[in-house]
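In what follows, chains carry the letters A, B, and so on, assigned in the order in which the sequence lines appear, proteins first and then strands, with residues in each chain numbered from 1.
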Protein chains: 2
Amino acid sequence: MDTKQITIDGIDKKILRALTEDARTPILEIARHVGISGAAIHQRLRKLEKSKLLVGSKFIINEKALGYSTLAFVGIYLEQATNNDDVVKALKRIPEVLECHYTTGQFNIFIKLLSRNNAHLMQLLNNDIQTIRGVLRTESLISLDQQIDRQIKI
Amino acid sequence: MDTKQITIDGIDKKILRALTEDARTPILEIARHVGISGAAIHQRLRKLEKSKLLVGSKFIINEKALGYSTLAFVGIYLEQATNNDDVVKALKRIPEVLECHYTTGQFNIFIKLLSRNNAHLMQLLNNDIQTIRGVLRTESLISLDQQIDRQIKI
DNA sequence: AGTGAAACAGTGTTTGG
DNA sequence: CCAAACACTGTTTCACT
């Protein structure tokens with residue numbers, strides 16, 4: 001085992017479930033729900049943060065309300081002698097690229113990207129991604145509808 | 001335009017940037033940083049929530065600390081006459097499935113899933129996914145390393 | 001309409017047991 | 001782990017520009 005495991009009991013799980021749904025759930029509300037004091041919840045939260053199991057919190061923005069409605073996955077083929085890190089560095093400069101993975105299988109790099117519409121997606125592919133040095137060609141999967149979006153269950 | 005656009009000025013952007021990085025950033029800290037009062041920040045936050053641009057907040061858990069270290073994308077081919085919704089319903093019951101998309105291209109359904117290790121991934125594919133009625137076959141991309149993980153820039 | 005200072009209500013945090 | 005005291009934040013109010 002290369003990562004340290006931490007012992008989580010049922011109460012920890014309930015705390016995590018509440019806060020992964022809504023980071024602003026009041027401690028006292030959780031306390032009432034699980035039947036222990038607020039101070040105890042606070043202690044456990046410190047433990048969970050120290051163990052690096054909790055790594056932060058985020059506000060979630062609705063991309064559609066910002067005008068981004070097209071989500072796509074793009075597989076990228078690279079030329080043989082390409083320095084992958086340079087490609088990733090270039091991808092980081094494209095804000096629409098939300099995820100980037102080195103993957104097994106046919107592609108060298110696999111990304112998830114968010115664009116305003118199909119025209120914008122095409123522009124991103126042609127002007128920004130396929131012009132990166134070393135990129136041979138790309139293969140796109142456009143998400144027509146996302147049915148599941150969640151974190152791992154705890 | 002099928003989704004309402006909302007006008008966001010530079011101050012709104014700074015607020016959003018702070019809170020999408022850390023949902024617990026104090027309002028007064030943001031206020032100091034952008035040079036207006038806390039009450040003003042609060043008003044703007046209400047506006048942003050009402051406009052559905054802010055849709056909540058989440059604590060982020062480090063899956064690796066929970067023992068989940070293998071991330072994979074899986075393309076799913078379905079039989080012709082399959083009811084896609086039933087397949088999605090079955091996928092929802094598998095907690096390791098984090099995302100599920102209807103996609104264009106070769107696959108009918110494309111999912112992202114998180115497993116403890118390669119053995120666990122194989123078990124999920126063989127025992128849980130490929131046994132769903134209507135699933136013909138699957139094609140997996142395993143993420144060896146994730147280099148980018150972020151929300152859209154605001 | 002939007003801002004800012006002050007009062008208020010509610011939370012997170014610490015302490016002592 | 002609990003209960004109470006504490007410190008700080010989020011929230012509202014209101015006078016002002």
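- Between the C1' atom of dT3(C) and the CD1 atom of Ile30(B) lies a distance of 17 Å, rounded to the nearest Å.
- In this structure, His42(A) does not reach the dG12(C) phosphate: none of its side-chain N or O atoms is under 4.0 Å from OP1 or OP2.
- Side-chain nitrogen and oxygen atoms of Arg24(A) include none within less than 4.0 Å of the OP1 or OP2 phosphate oxygen of dT11(C).
- The CZ atom of Arg150(B) lies 12.0 Å from the OG1 atom of Thr20(B); values are rounded to the nearest 0.5 Å.
- A straight line from CD1 of Ile41(A) to P of dG12(C) spans 10 Å, rounded to a whole angstrom.
- Protein atom CG of Asp22(B) is 13 Å distant from nucleotide atom P of dT9(D), rounded to whole Å.
- Atom-to-atom, CD1 of Ile15(B) to C1' of dG10(D) comes out at 14 Å; the value is rounded to the nearest Å.
- Closest contact between the side chain of Ile27(B) and the listed nucleotides dA3(D), dG10(D), dG4(C) involves dG10(D).
- Rounded to whole Å, the distance from CG on Leu45(A) to P on dT13(C) is 8 Å.
- Around CD of Gln146(B), the count of heavy atoms belonging to other residues, nucleotides or ligands within 6.0 Å exceeds 12.
- With a 6.0 Å radius and a threshold of 12 heavy atoms from other residues, nucleotides or ligands, Glu21(B) has its CD atom at or below the threshold.
- In this structure, the nucleotide among dT3(C), dG12(C), dT12(D) sitting nearest to the side chain of Ala40(B) is dT3(C).
- Across dT11(C), dT3(C), dC1(D), the shortest atom-to-atom separation from the side chain of Gln43(B) is found for dT3(C).
- Taking atom CZ on Arg46(B) and atom C1' on dG2(C), their separation rounds to 16 Å, with Å as the unit.
- One can place CD1 of Ile36(B) at 6 Å from P of dG4(C), the figure rounded to the nearest angstrom.
- Side-chain contact between Gln106(B) and Tyr77(B) is present, with heavy atoms from C-beta onward closer than 4.5 Å.
- Side chain of Leu28(A), nearest nucleotide from dT11(C), dC1(D), dT9(D): dT11(C).
- Between the CD atom of Glu29(B) and the C1' atom of dT9(D) there is a distance of 12 Å, given to the nearest Å.
- Checking dG12(C), dC1(D), dT3(C) against the side-chain heavy atoms of Arg44(B) singles out dT3(C) as nearest.
- Under a 4.0 Å N-O distance rule, the pair Arg17(B)/Asp12(B) does not qualify as a salt bridge.
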